[in-house]
Amino acid sequence: MRERTTMTEAPAAAAADDRYDPHAVQDRWLPVWDRLDLFRAGRREGAPKKYVLDMFPYPSGDLHMGHAEAFGIGDVVARYWMRRGFDVLHPIGWDSFGLPAENAAIKRGEHPATWTYANIETQAESFRRYAVSFDWSRRLHTSDPEYYRWTQWLFLRFLERGLAYRKSSAVNWCPVDQTVLANEQVVGGRCERCGAEVTKRELTQWYFRITDYADRLLDDMAQLEGRWPDRVLLMQKNWIGRSTGATVRFRVGDREVPVFTTRPDTLYGATFFVVAADAALADELCAPEQRPAFEEYREQVRKLSEIERQSTERPKTGVPLGVTATNPLTGEELPVYAADYVLAEYGTGAIMAVPAHDQRDLDFARAFGLPVRVVVDTGEADPAETGVATSGDGVLVNSGPLDGLRKDEAIARAVAVLAERGTGEATVNYRLRDWLLSRQRFWGCPIPVVHCPSCGEVPVPDDQLPVRLPDMRGADLQPKGQSPLASNAEWVRTSCPSCGGDAERDTDTMDTFVDSSWYFLRYCSPDYEDGPFDPEAVRQWMPVAQYVGGVEHAILHLLYARFFTKVLHDMGMLDAVEPFAALLNQGQVILNGSAMSKSTGNLVELGKELGAYGVDAVRLSMVFAGPPEDDIDWADVSPTGSVKYLSRVARLAADVGALPPSDERSEEVDRAVARAVDEATRLTESHRLNVAVARFMELTSALRKGVDAGAGAASLRDGAEALAVMLSCYAPYTAEEAWARLGHDVEAGDSVHDTAWPVADPALLVEDTVTCVVQVGGKVRDRLEVPPGIGEDALREQALASDAVRRALGDREVRTVVVRAPKLVNVVPA
RNA sequence: GGGCGAGUGGCGGAAUGGCAGACGCGCACGGUUCAGGUCCGUGUGUCCGAAAGGACGUGGGGGUUCAACUCCCCCCUCGCCCACCA
């Protein structure tokens with residue numbers, strides 16, 4: 001239902017009528033476009049191909065302002081390349097597995113599919129009205145068995161290659177959503193989705209071995225530089241967190257305990273040794289007499305929430321384990337402590353502590369009265385006195401054979417000595433952990449594995465895929481700490497594909513990020529039945545030429561999709577090494593300075609805005625409000641201004657369309673058109689869409705003046721047509737209306753959306769005269785109209801002859817004259 | 001605590017070493033209109049001035065340059081990311 005607050009009724013068809021009702025225009029052209037089928041990929045046979053992709057939506061309710069912004073920008077990009085003659089793939093689908101559907105299903109006593117597919121229909125209808133240039137024939141939903149069959153197939157290939165595996169470890173557990181979370185889904189100790197404090201649980205879970213690809217994920221970013229936002233690349237780089245250093249094996253009693261360090265040069269400065277309190281290693285090393293103290297401490301640590309534990313303000317705590325570790329370089333015996341400032345999951349879960357050169361170790365040493373030994377002289381004050389560890393470059397001291405070496409030399413030397421003695425070697429460590437992919441929830445892709453008492457983990461054979469979700473609804477889906485699928489005995493019971501005996505299905509489902517790690521490949525051949533995608537189709541379209549989406553996926557989705565692409569490349573299924581050649585992160589739409597939110601009422605509804613102002617005005621307002629990557633505060637935006645502008649365009653088109661046919665041209669108009677086309681082309685291509693719209697406005701004004709002044713009709717017509725074509729990417733309905741008013745028979749197939757982008761005549765871009773700015777001492781004092789080819793000497797002479805220049809100079813002498821013909825002269829007084 | 005980015009009229013923004021404020025919103029005045037809205041025109045950084053004209057002006061301070069919103073250094077403020085990763 002649309003609201004009309006300001007518009008009056010207008011006749012639906014109004015080719016020569018200068019009134020403009022955005023809703024009538026929408027109603028008029030939408031059905032015509034459906035019939036003309038303008039956006040099907042492959043319809044421009046033989047043309048170069050370009051894949052323009054928007055991050056696919058999650059179907060939670062109807063589209064909102066954020067979708068309008070993101071898809072509006074993506075649509076300008078897609079339509080631009082279509083206008084430029086490319087065969088463009090611009091698909092749409094839905095990321096339709098996930099928790100909100102499941103929670104809605106529990107509340108309503110339904111199957112999650114009911115809510116999911118109803119929302120998809122709502123969003124699809126809104127996308128149509130919003131006039132996004134999708135190829136609807138390729139639509140997909142990740143929750144369709146036809147899709148998740150191939151998600152399972154891919155999982156099995158990962159399994160075969162040893163890239164999917166199961167292990168038991170302490171995992172992040174969300175007590176509200178009752179499921180495990182990937183490292184990436186824990187933000188500040190809280191569940192990314194629901195905000196609950198995350199706890200740890202020891203569980204056996206499925207993982208993808210993404211750490212195997214850490215180096216390539218890092219190194220291949222070189223080819224994305226300049227085409228992805230710098231900050232996204234930086235975030236990925238930091239997330240992967242490659243550290244180069246050394247593994248050093250210490251001896252504790254009769255066992256070897258390796259540690260990782262980036263500073264093997266400081267080995268002589270190690271004065272104690274720390275093991276993560278929650279690591280199995282601490283338990284194993286603990287001396288009998290220290291056991292009660294250790295166990296009490298460990299209990300304290302376990303009670304801490306992740307948030308408390310991560311606080312850097314907290315004083316250092318720990319407990320001695322009653323054993324010593326032998327430094328392999330010095331033979332020195334170092335006391336071993338258990339402490340919670342050492343992480344069990346990073347490195348080996350143990351460290352050598354060098355308090356003089358590491359702040360955390362120094363804090364601990366001062367709390368426990370441990371010695372501080374400086375081994376790198378950086379020229380700074382003694383850390384033992386100041387409490388500030390030094391980590392800069394310097395010369396080694398108190399370090400036996402390393403003395404006198406600089407930091408870098410000492411690192412190399414220490415590694416060489418360790419290697420020689422067999423007590424260590426150079427190693428690389430990553431902050432990145434393997435991707436925990438199993439979830440204890442229902443509405444996701446089932447993991448296609450059978451657990452057999454005699455054969456163990458057995459993959460479901462390809463020809464039995466998909467492993468379908470059973471029909472479960474409402475209270476059946478209530479989270480109970482294990483997957484709802486586990487409570488469905490009939491579904492769980494199966495026979496072993498290997499031995500035929502009784503066996504059970506794996507009851508976990510996959511993280512929805514698995515679904516979205518390959519959807520862009522499925523779009524290339526959405527109906528392909530012999531594999532996840534047709535290799536030939538993928539070869540034609542991949543990589544994605546332009547990916548558009550929010551920066552909230554800077555780490556998770558983009559890293560996972562890059563990982564999948566590399567694995568598929570290694571499997572020989574894909575030429576591409578990187579999935580997304582270029583990335584554009586659009587900003588958010590906010591209101592009065594903060595994020596829109598239903599719960600606080602700080603909300604603008606897209607449907608209402610579209611009802612009040614029309615689709616084109618909302619789209620244009622979004623794009624004109626600022627650079628695409630900046631946030632937009634809707635409170636600062638004037639859709640009314642856009643409505644006015646669009647109606648000016650429509651009126652101009654009607655006026656130009658009504659001019660009697662003529663060959664008469666006006667150079668001034670031709671020049672204005674050429675300039676606008678030239679700049680708008682560059683601006684659109686470089687995604688400076690707000691500035692491109694400003695050029696359209698200038699062109700519109702120039703043409704209006706031309707019409708009112710009786711300029712040449714041929715020039716005005718060419719200009720109005722160029723304007724309509726360029727505007728078709730930004731305001732598709734109004735552009736088509738203008739095109740029709742200019743006399744084109746759209747119904748017969750002559751649509752502006754099937755018309756080539758205009759080209760500026762270079763001859764018209766060369767000006768007859770140029771305005772030369774004349775400065776005195778850097779301040780503008782005069783302007784001269786000069787021929788563009790004017791010589792330096794002539795220009796200098798003319799500038800010095802200027803009255804304004806003489807007045808500004810007064811009785812001062814001229815020191816120098818800087819001449820940049822033909823644009824500028826700067827007369828510098830003494 | 002560390003890293004990255006940003007700061008320009010009343011507002012959104014434009015200008016990437018060479019005319020600061022394009023384009024638009026808002027506002028003011030005038031025209032059109034029975035009226036309101038629409039529409040059309042003019043003006044609109046600040047200060048002095050009737051005007052002509054002038055001075056100042058891109059968070060603050062310094063520097064490089066004939067010339068700095070733009071490049072360099074320091075500081076302030078805001079935003080984002082990471083946060084005991086050895």
Side-chain angles (χ1 to χ4, degrees), chain A residues 6-8 18-20 187-189 229-239 241-243 245 259-263 266 274 276 309-314 316 339-343 345-354 357-361 363-364 391 429-433 551 554-555 620-621 624-627 629-645 647-648 651 679 688 690-698 700-701 704 708 771-783 804 807-808 815-820 823-829:
Chain A
T6 56
M7 296 299 143
T8 51
D18 70 352
R19 274 173 295 180
Y20 170 79
V187 179
D230 288 343
R231 63 172 176 154
V232 173
L233 293 175
L234 189 67
M235 278 158 78
Q236 294 222 350
K237 182 170 178 264
N238 292 340
W239 190 264
R242 177 158 64 190
S243 300
V259 301
F260 174 73
T261 177
T262 54
R263 296 292 305 275
T266 62
V274 188
R309 180 171 170 163
Q310 283 174 6
S311 162
T312 40
E313 308 301 307
R314 212 161 51 88
K316 293 281 180 285
D340 65 359
Y341 83 91
V342 171
L343 305 176
E345 315 90 63
Y346 184 75
T348 62
I351 60 153
M352 64 174 207
V354 185
H357 306 296
D358 183 287
Q359 190 61 48
R360 298 152 300 182
D361 295 346
D363 294 343
F364 190 88
S391 57
N429 239 289
Y430 303 91
R431 191 184 167 284
L432 182 70
R433 310 287 150 77
V551 73
I555 298 174
L620 197 71
S621 300
F624 186 53
E629 40 301 307
D630 287 7
D631 288 352
I632 297 171
D633 194 327
W634 197 247
D636 298 330
V637 170
S638 167
T640 310
S642 299
V643 175
K644 284 189 205 172
Y645 170 67
S647 62
R648 268 202 295 280
R651 209 164 45 242
E679 291 192 37
R688 290 159 64 212
N690 54 325
V691 190
V693 172
R695 298 293 170 267
F696 298 152
M697 290 173 169
E698 286 170 338
T700 307
S701 298
R704 178 80 256 166
D708 293 346
T771 305
C772 176
V773 173
V774 185
Q775 303 176 330
V776 175
K779 286 184 181 159
V780 181
R781 297 298 176 182
D782 201 4
R783 293 182 172 80
R807 214 179 317 122
R815 185 153 55 110
T816 46
V817 181
V818 178
V819 183
R820 294 281 176 277
K823 301 278 277 188
L824 179 124
V825 176
N826 189 8
V827 180
V828 186

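Below, chains carry the letters A, B, ... as their sequence lines are ordered, and counting in each starts from 1. Heavy-atom basis, side chains included; hydrogens, waters and symmetry copies ignored.
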Checklist outcome for this item: Closest to the side chain of A/K644, out of B/A86, B/U38, B/C19, is B/U38

Checklist entry - Which of the following nucleotides, B/C19, B/C84, B/G12, is nearest to the side chain of A/R314? => result B/C84

Checklist entry - Roughly how many Å is it from CZ in A/R431 to C1' in B/C81, rounded to a whole number? => result 11 Å

Item to check | Closest to the A/L343 side chain, choosing from B/C23, B/C4, B/A86 | outcome: B/A86

Next on the checklist: Please determine whether any donor N or O and acceptor N or O are separated by less than 3.5 Å between the side chain of A/R783 and the base of B/C19.
Outcome noted: yes

Next on the checklist: In whole Å, measure the gap between the P atoms of B/G60 and B/G7 for me.
Outcome noted: 13 Å

Checklist outcome for this item: Per atom distances to the A/A625 side chain, the nearest of B/G12, B/A15, B/A20 is B/G12

Next on the checklist: Nearest heavy atom decides the nucleotide; on that basis, is A/R695 or A/G241 closer to the 5' end of RNA chain B?
Outcome noted: A/R695

Checklist entry - Per the atom types in the model, does the base of B/C19 pair as donor or acceptor with the side chain of A/K823 at under 3.5 Å? => result no

Next on the checklist: Just N and O in the side chain of A/N690: are any of them under 4.0 Å from OP1 or OP2 of B/A14?
Outcome noted: yes

Item to check | C1' gap between B/C39 and B/U32, integer Å | outcome: 8 Å

Checklist outcome for this item: With the side chain defined as heavy atoms from C-beta on, A/T262 is closest, among B/A86, B/C4, B/A14, to B/A86

Checklist outcome for this item: Assert: residue with more 5' nearest nucleotide on RNA chain B, out of A/R263 and A/R648, is A/R648

Next on the checklist: Whole angstroms only, please: what is the CG-P distance between A/D630 and B/G24?
Outcome noted: 20 Å

Next on the checklist: Is the ring pair A/Y346/A/F260 parallel, tilted or perpendicular, if the boundaries are 30 and 60 degrees?
Outcome noted: perpendicular

Next on the checklist: Of the options B/A86, B/C23, B/C66, whose atoms approach the side-chain atoms of A/V828 most closely?
Outcome noted: B/C66

Checklist entry - On a plain distance test, is the side chain of A/R820 in donor-acceptor contact with the base of B/G18 below 3.5 Å? => result yes

Item to check | Length of the line joining A/N238:CG and B/C80:P, which is rounded to integer Å | outcome: 17 Å

Next on the checklist: Does the structure show a Watson-Crick or G-U wobble partner for B/C39, both distances under 3.5 Å? Name it, or say none.
Outcome noted: B/G31

Next on the checklist: Just checking A/R704: does its CZ atom have more than 12 heavy atoms from other residues, nucleotides or ligands closer to it than 6.0 angstrom?
Outcome noted: yes

Item to check | P-based separation of B/G2 from B/C56 [nearest Å] | outcome: 40 Å

Item to check | Whole-Å distance separating the CG atom of A/D363 from the C1' atom of B/G1 | outcome: 11 Å

Item to check | Euclidean distance, atom CD of residue A/E679 to atom P of B/A15 [Å, nearest integer] | outcome: 10 Å

Next on the checklist: Would you measure the distance from the P atom in B/C81 across to the matching atom in B/A28 and give it in whole Å?
Outcome noted: 41 Å

Item to check | Spacing between A/R231 atom CZ and B/G2 atom C1', to the nearest angstrom | outcome: 18 Å

Checklist outcome for this item: Checking B/C19, B/A86, B/A22 against the side chain of A/V780 (C-beta onward), the nearest is B/C19

Next on the checklist: Can you tell me the base-pairing partner of B/C25? Count Watson-Crick or G-U wobble geometry only, both distances below 3.5 Å, and say none if there is no partner.
Outcome noted: B/G10

Checklist entry - Picking from B/A86, B/C82, B/C19, which would you name as closest to the side chain of A/I351? => result B/A86

Next on the checklist: Rounded to whole Å, how long is the line connecting atom CE of A/M235 with atom C1' of B/C82?
Outcome noted: 9 Å

Next on the checklist: Anti or syn, where syn is a glycosidic angle within 90° of 0; which label fits B/G60?
Outcome noted: anti

Next on the checklist: From C-beta outward on A/N826, which listed nucleotide comes closest to its side chain: B/A15, B/A55, B/A67?
Outcome noted: B/A67

Next on the checklist: Measuring to OP1 and OP2 of B/C56, would you say a side-chain N or O of A/K779 lies under 4.0 angstrom away?
Outcome noted: yes

Checklist entry - To the nearest angstrom, how far is A/L233 atom CG from B/G3 atom C1'? => result 15 Å

Item to check | A/R263 and A/D358 ion-paired at < 4.0 Å | outcome: no

Checklist entry - Is A/R651 near enough to B/C40 that one of its side-chain N or O atoms lies under 4.0 angstrom from OP1 or OP2? => result yes

Item to check | Base partner of B/C56, which must satisfy Watson-Crick or wobble distances under 3.5 Å | outcome: B/G45

